[in-house]
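Heads up: the structure comes next, in structure tokens.
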Amino acid sequence: MRNIFDQYNQPENKLTHSLASSLHEDKKLLDSFLKIFCKGFFKNTSDLKIEQQTIPGEITKEFDEKQKKGLPDAIIYNEEECLIIESKVSSTLTQDQLSRHEKTLRRRGFNKINGVGIVVDLLPNVKLENWKQLTWNSVYSWAHKETKNSEWAKKLVDYFNVLENNMVEDEYLREGSITEFMGVHFDDDNPYSYREGKRQLKLLVNKIRKNKILSDELNIALKAKGRSGIKKEGNLWDYLTFNTNIKQKSFTDEPHLTIGMSDKFIEADFTIPYRIKGKTKKNFYSLSWKNFRNIVHEIALNYDKSFGISEGFKPQIVLGQRRYPSQSSPAIHDARLEMDIRTAFKDISSKLKPTQKQQEEWLKVVYEINNNKKSNLQFQVGGRFYFNKHSLVNNKNADQILVKSFLACKPLIKQIFN
């Protein structure tokens, strides 16, 4: 079914139309928008009008979108004041275009004019005295806060989510985003979908890449590229690489951090691929059972310190053998072993509810298999965070939860790269 906001073909026009329509339909939402983004400009907001792709006083005609290119995207006005809204996604906001819009409206009798340019990323070279720039992220964040009070804000937020997915799929939006990460929200009221999971994963990884503690504490290359494309359905994942001296390497040649998402949980793991070489390989496979056990115990204690016995997460080790028909295809799992690392240590297993008897043998199995393998087994240690009523990731600080998970793995990371 076609969305009520889908009245245009160009994404910029779709975004502006969704915003302007929502503000037109909900007076309180309009007041909130003006208070946040254009405070004090309108003396009286009771008689405001909102129009799109036109100029006040003109008779609205049916135009092709290309014919409307020289017109303001939207205007909010009364008899004395006029606010121009110009929106951009893939194209660039220019000072010349904004000046032309302003001159056009001054010729129509408006002397008090302000303008708002809504963009993906702020442009430092666009400076006009009575214009300001906003990001679509900030508009989305404002609308998200208003969803508690406005059904039209809910419609607007939902439309932004869907439209961003479409723009990414069509490669119209290649950099940045129009939405903002608000946590991973999947439950009965908001069921998981591959497209929405993909959108949230992208936003989450982008936010994690801004956290300098990963660079300072774990030597992560925050600006290095992650996964190039996620085309086919399956578990969603991306990765962060470490700063090393190895050039022209594949991420599967070196240990890396992995962020994975499914319909039930999101994971933050330290991953050691089977193809590692040189120093990292030697440092990992030369570990004695005693040293391996002590390192995993330290990791388990780190998780216990950060998250306690919350039912919203599980610290784990995963050994897996898998194959991919192609780089973007879902994995074929030939074998997979998962264990809760807390069960290997009496001081932590005793805290679990119901109380778990210490079961060190599974950790010993992991060690023996890993150190005597003859196949392409991948080793991961990290945290799994569930989408349940105890969720730790259903808020905008979920990125910090995953960062804590990575930091918990520091004892092994330090050993590998020592």
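No more than 12 heavy atoms of other residues, nucleotides or ligands lie within 6.0 Å of NZ in Lys346, so this atom counts as exposed by the packing criterion. No more than 12 heavy atoms of other residues, nucleotides or ligands lie within 6.0 Å of NZ in Lys28, so this atom counts as exposed by the packing criterion. Within 6.0 Å of NZ on Lys145 lie no more than 12 heavy atoms contributed by other residues, nucleotides or ligands.
Using modelled atom types and a 3.5 Å distance limit, the side chains of Glu267 and Gln380 yield no donor-acceptor pair. Checked by atom type, the side-chain pair Gln97/Lys88 shows a donor-acceptor distance below 3.5 Å. Between the side chains of Thr343 and Gln359, no donor-acceptor pair is found at a separation under 3.5 Å. Side-chain contact check for Ser177 and Asn137: at least one donor-acceptor pair (N or O, by modelled atom type) lies under 3.5 Å. If you check the side chains of Tyr172 and Glu12, you find a donor sitting under 3.5 Å from an acceptor.
For Phe284 and Phe379, the ring centers are positioned less than 6.0 Å apart. Aromatic pair Phe242/Phe417: centroids less than 6.0 angstrom apart.
At a threshold of 4.0 Å, the pair Glu361-Lys364 does not count as salt-bridged, since none of the basic side-chain nitrogens sits closer than that to a carboxylate oxygen. For Lys351 and Asp304, the salt-bridge test passes: some basic side-chain N is under 4.0 Å from an acidic carboxylate O.
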Criterion side chain to side chain donor-acceptor pair (under 3.5 Å) on Ser405 and Tyr303, from CA distance to verdict:
CA-CA 7 Å; Ser405 181; Tyr303 275 108; 2.7 Å; yes
Apply ring-ring contact (aromatic ring centres under 6.0 Å, His included) to residues Phe307 and Phe385 and explain how you reach the verdict.
CA-CA 11 Å; Phe307 307 114; Phe385 300 90; 5.4 Å; yes
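With a 6.0 Å cutoff to the six-membered ring centre and a 45° limit on the axis angle, Arg209 does not count as a cation-pi contact of Phe181.
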